[in-house]
Q: 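Mind having a look at this structure? Questions to follow.
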Protein chains: 2
Amino acid sequence: MTDINFAKGKVRTKSAAAGARDAAAPGGEGPPLRWDIIELLFFAYRDFVGDADHVLEAFGFGRAHHRVVHFVHRYPGLTVADLLGVLRITKQSLGRVLKQLLEEGYIVQRAGDHDRRQRLLYATAKGETLIAKLAGLQTDRITRAMRDLSPSEAAAVSQFLRAMIDREESDKVLESLLEHHRPAPRD
Amino acid sequence: MTDINFAKGKVRTKSAAAGARDAAAPGGEGPPLRWDIIELLFFAYRDFVGDADHVLEAFGFGRAHHRVVHFVHRYPGLTVADLLGVLRITKQSLGRVLKQLLEEGYIVQRAGDHDRRQRLLYATAKGETLIAKLAGLQTDRITRAMRDLSPSEAAAVSQFLRAMIDREESDKVLESLLEHHRPAPRD
DNA sequence: AAATTTATGTCAGTCATATTGACGTATCTA
DNA sequence: TAGATACGTCAATATGACTGACATAAATTT
């Protein structure tokens, strides 16, 4: 790129013709776009998973490993098919990660009682220790973020997050999470 | 894997020795881990970005493209360095995505007024249309999720998300997002 | 004016995580 | 017995990230 001042003109400094919905547009726009929440979700989630990323790196693991051990820990006896549904990935993708976690002793599998084709997954003590460490960091962040909220406001946060989740195609895990509106944590 | 019923024993069905923090542990545990919020954040974010993913696929773009056009649209005149800071990626990673978006006319760049080394980035009408479409979908989800919240509860959600974000190392964009506690959207 | 630093772009190689498609085996069900 | 299901695996590919090295133009410092 030898030249500079390419692409003059056709630069948009005001969003006057964006969708048909921006609050700036005077015509038949819908409700204003929630740029604030959209960006807050992006940054909040980035930093939320960032907590875990640093620890995982030291173990030679990635986010994929975290997710697998997490759900296996939380829902003991989860089958491979269940896990694929929750994570929404293919079994080939899961394969590598699962294999590594099995080999390194973070999770184990047993044949299903009724259906011996199934592989029921369980976290080992080693796996639970890892997950507890990661959940501890994330809990600290959540606790800090909720410190100044009243109980009813904290409940509103929970309600909001629940309502953000798709209901159709909800699997076993999601059902159990959404079913019982767990009361505020006993503390 | 020819054999079955491998890995018997050493299976943990109760989390009695996890961290030192699980509410089930009787010893010196800390506050309970917020498994509920941790999982709600995972699923809520998964479905939140899923809205955009489907549309992006039709354009041959990925999430990386979305993030770039989004921030360029929202903060016109952003420099490449700013963008790298916000996205927390390397310039090599940004390079391919940025190049593609420039070539296909979703964003343009101009030399900086004071510092002509800088490339100030702007979204074109084409880029804004794309972003408005994606933000529309995400706004619909947010609006649905906030439908049953009172204004003060909605404010609590916003406050919670803000408090989830790391303050240190906040860049220009993050500052402007966190600075003015924007009041409830005018509707 | 020359030297250095800064902002950006790019080449080359690698890694993690995801994909589709095909195929094999054990096991359950009709 | 035949077919469907649950799981594992081989192969090839794509995306989005990384490190390291190097080039250019422009600003800044000496």
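From a predicted model like this one, the values you see are computed outputs, not experimental measurements. Just so you know, these numbers use all the heavy atoms, side chains as well, and skip hydrogens, waters and symmetry mates. Numbered from 1 within each chain, the chains take letters A, B, ... in sequence-line order.
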Q: With the side chain of R119(B) defined as its heavy atoms from C-beta on, choose the nearest nucleotide among dT17(C), dG16(D), dG9(C).
A: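 Comparing dT17(C), dG16(D), dG9(C) against the side chain of R119(B), the answer is dG9(C).
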
Q: In this structure, how many angstroms lie between the P atom of dT8(C) and the CZ atom of R110(B), rounded?
A: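 Whole-Å distance recorded here is 15 Å.
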
Q: Would you mind reading off the distance between Q118(A) atom CD and dC28(C) atom C1', rounded to a whole angstrom?
A: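 For the pair Q118(A) CD and dC28(C) C1', the rounded distance is 10 Å.
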
Q: For the pair made of CD in Q100(A) and C1' in dC15(C), what is the distance, rounded to whole Å?
A: 12 Å

Q: Tell me: CZ of F59(A) to C1' of dA16(C), nearest whole Å?
A: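 Result: 19 Å.
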
Q: With A163(A), which residues qualify under side-chain contact (heavy atoms from CB on, under 4.5 Å), at least two apart?
A: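 Expected list: A145(B).
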
Q: Quick one: side-chain hydrogen bond (donor to acceptor under 3.5 Å, both in side chains) pairs with a partner in residues 98-108 of chain A, sequence neighbours left out?
A: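 Of all non-adjacent pairs touching residues 98-108 of chain A, those that pass side-chain hydrogen bond (donor to acceptor under 3.5 Å, both in side chains) are H65(A)-Q100(A).
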
Q: Do we get R67(A) above F42(B)'s six-membered ring, with its NZ or CZ under 6.0 Å from the centre and within 45° of the axis?
A: no

Q: Does H66(B) have any ring pair (Phe, Tyr, Trp, His ring centres under 6.0 Å) partners at least two apart in sequence or in another chain, and if so, which?
A: none

Q: Please tell me whether F71(A) and F43(B) form a close aromatic pair, meaning their ring centres lie under 6.0 Å apart.
A: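 Yes; F43(B) has its ring centre under 6.0 Å from that of F71(A).
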
Q: Please tabulate, for the side chains in residues 86-95 of chain A, all donor-acceptor contacts under 3.5 angstrom to protein atoms that are two or more places apart in sequence or on a different chain.
A:
residue: T90(A); atom: OG1; partner: S93(A); partner atom: N; Å: 3.4
residue: T90(A); atom: OG1; partner: S93(A); partner atom: OG; Å: 3.1

Q: Expressed as a whole number of angstroms, how long is the span from L87(B):CG to dT8(C):P?
A: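 So the two atoms are 14 Å apart, to the nearest Å.
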
Q: List in chain and number order the residues that pass side chain to side chain donor-acceptor pair (under 3.5 Å) with R46(B), two or more places apart in sequence or in another chain; answer none if no residue qualifies.
A: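 Partners of R46(B) under the side chain to side chain donor-acceptor pair (under 3.5 Å) test: none.
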
Q: What is the nucleic acid contact for G62(A), judged by heavy atoms within less than 4.0 Å: base, sugar-phosphate only, or nothing?
A: sugar-phosphate

Q: When the distance from CZ of F61(B) to C1' of dA14(D) is rounded to whole Å, what number comes out?
A: 16 Å

Q: dG8(D) P sits how many Å from K99(A) NZ, rounded?
A: 10 Å

Q: Under the rule for salt bridge (Lys or Arg N to Asp or Glu O under 4.0 Å), what residues qualify as partners of R96(B), not counting sequence neighbours?
A: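 Here no residue qualifies.
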
Q: I'd like to check the side-chain contact (heavy atoms from CB on, under 4.5 Å) partners of A44(B); sequence neighbours left out, ordered by chain and number.
A: L161(A), M164(A), I165(A)

Q: Provide, to the nearest angstrom, the distance between the CG atom belonging to D53(A) and the C1' atom belonging to dC18(D).
A: 14 Å

Q: One character per nucleotide, please: for nucleotides 18-23 of chain C, 5' to 3', B when the base has a protein heavy atom closer than 4.0 Å, S when only the sugar-phosphate does, - otherwise.
A: BBBBB-

Q: So which protein nitrogen or oxygen atoms get under 3.5 Å of nucleotides 27-29 of chain D's nitrogens or oxygens?
A:
residue: dA27(D); atom: OP1; partner: R116(B); partner atom: N; Å: 3.1

